[in-house]
Amino acid sequence: MKAAVSWWDLAGSAQTIDSLRDYLREEGVEPWERVHGMRLKFWISDRETNRWGAIMLWDATADLTAPMPPNRAAELIGYPPTVRILTDVEAIVEGIHAGQSDDRGLAFGPVRNPS
């Protein structure tokens with residue numbers, strides 16, 4: 001299994017965490033639901049450092065050269081990720097939880113006006 005991490009420093013972009021969250025809500029998540037070999041993708045943000053990114057887990061047999069949905073985040077942000085790494089996954093574990101989560105993340109929570 002492989003993990004891919006893409007992380008942008010938004011300091012040089014007109015995009016914000018809030019505008020990128022809107023993008024996820026409106027169009028960004030759905031195209032990734034049909035990617036073969038991808039186990040999981042989650043988008044991350046850090047308001048304190050003004051960073052935005054994504055982490056993807058891939059099956060060991062996934063063809064990472066196969067066509068993927070367009071990298072709209074890079075298009076919107078205006079430049080490629082500040083950091084991009086592909087690593088081996090040594091282990092995965094899930095903790096005790098209530099099953100399927102209804103919590104899909106902040107992009108799908110109540111819409112808030114930025115303060």
Side-chain angles (χ1 to χ4, degrees):
M1 186 173 294
K2 296 282 187 185
V5 179
S6 297
W7 200 229
W8 280 268
D9 179 342
L10 297 177
S13 177
Q15 294 297 321
T16 66
I17 289 170
D18 292 315
S19 68
L20 291 166
R21 190 178 288 163
D22 290 343
Y23 147 73
L24 284 181
R25 185 180 309 109
E26 294 166 8
E27 65 175 287
V29 173
E30 188 268 332
W32 292 95
E33 294 174 348
R34 298 180 300 276
V35 174
H36 292 279
M38 187 183 75
R39 286 187 176 238
L40 176 69
K41 178 172 184 173
F42 53 98
W43 289 264
I44 56 177
S45 65
D46 183 347
R47 241 179 235 289
E48 207 169 287
T49 61
N50 198 27
R51 293 182 183 225
W52 177 268
I55 299 173
M56 299 164 57
L57 293 178
W58 295 95
D59 287 332
T61 58
D63 179 4
L64 300 182
T65 64
M68 303 280 169
N71 191 342
R72 287 279 294 140
E75 291 173 21
L76 293 169
I77 293 167
Y79 45 88
T82 310
V83 174
R84 179 178 278 169
I85 60 173
L86 182 65
T87 67
D88 292 319
V89 174
E90 297 293 337
I92 295 177
V93 65
E94 282 193 48
I96 300 169
H97 55 78
Q100 184 74 21
S101 174
D102 291 335
D103 183 357
R104 295 180 60 207
L106 295 171
F108 294 98
V111 177
R112 293 179 289 157
N113 292 328
S115 41

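In this view, Glu30 and Arg34 satisfy the salt bridge (Lys or Arg N to Asp or Glu O under 4.0 Å) rule, not counting sequence neighbours. Under the rule for a side chain to side chain contact (heavy atoms under 4.5 Å, CB included), Pro80 has no partner lying at least two apart in sequence or in another chain. Thr16 is linked by a side chain to side chain donor-acceptor pair (under 3.5 Å) to Ser19, counting only residues two or more places apart in sequence or in another chain. Considering only residues two or more places apart in sequence or on other chains, Thr49 meets the side chain to side chain donor-acceptor pair (under 3.5 Å) condition with Asp46. With sequence neighbours left out, Thr65 forms a side chain to side chain donor-acceptor pair (under 3.5 Å) with Asp63. For Glu94, the side chain to side chain donor-acceptor pair (under 3.5 Å) test picks out His97, with sequence neighbours left out.
To the nearest 0.5 Å, atoms CD (Glu27) and CG (Asp22) are separated by 10.5 Å. Taking CE of Met38 as the reference point, atom CD of Glu33 lies at 8.5 Å (rounded to 0.5 Å). For the atom pair Tyr23 OH and Trp52 CH2, the distance stands at 8.5 Å (nearest 0.5 Å).
Residues Trp32 and Met1 do not share a hydrophobic cluster, clusters being chains of Ile/Leu/Val/Met/Phe/Trp/Tyr side chains in contact below 4.5 Å. Residues Ile44 and Leu86 do not share a hydrophobic cluster, defined by chaining ILVMFWY side chains whose heavy atoms lie under 4.5 Å apart. Clustering ILVMFWY residues whenever any of their side-chain heavy atoms sit less than 4.5 angstrom apart, transitively, puts Leu40 in the very cluster that holds Ile85.
Sequence neighbours left out, the pairs with a member in residues 73-87 that pass salt bridge (Lys or Arg N to Asp or Glu O under 4.0 Å) are Arg72-Glu75. Annotation: side chain to side chain donor-acceptor pair (under 3.5 Å) contacts involving residues 2-12, sequence neighbours excluded, comprise Lys2-Asp88.
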Table please: side-chain donor-acceptor pairs of residues 54-62 below 3.5 Å, with sequence neighbours left out.
from	atom 1	to	atom 2	distance (Å)
Asp59	OD1	Arg39	NE	2.5
Asp59	OD1	Arg39	NH2	3.3

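Considering all non-hydrogen atoms of both residues, Gln15 and Leu76 come closest at CG-O, 3.1 Å. Here the shortest heavy-atom pairing between Tyr79 and Gly12 reads OH-N, 3.4 Å. Here the closest heavy-atom approach between residue Asn50 and residue Ala11 is recorded as ND2-N, 3.7 Å.
Contact check for Thr87 versus Val5: no side-chain heavy atoms found under the 4.5 Å cut-off.
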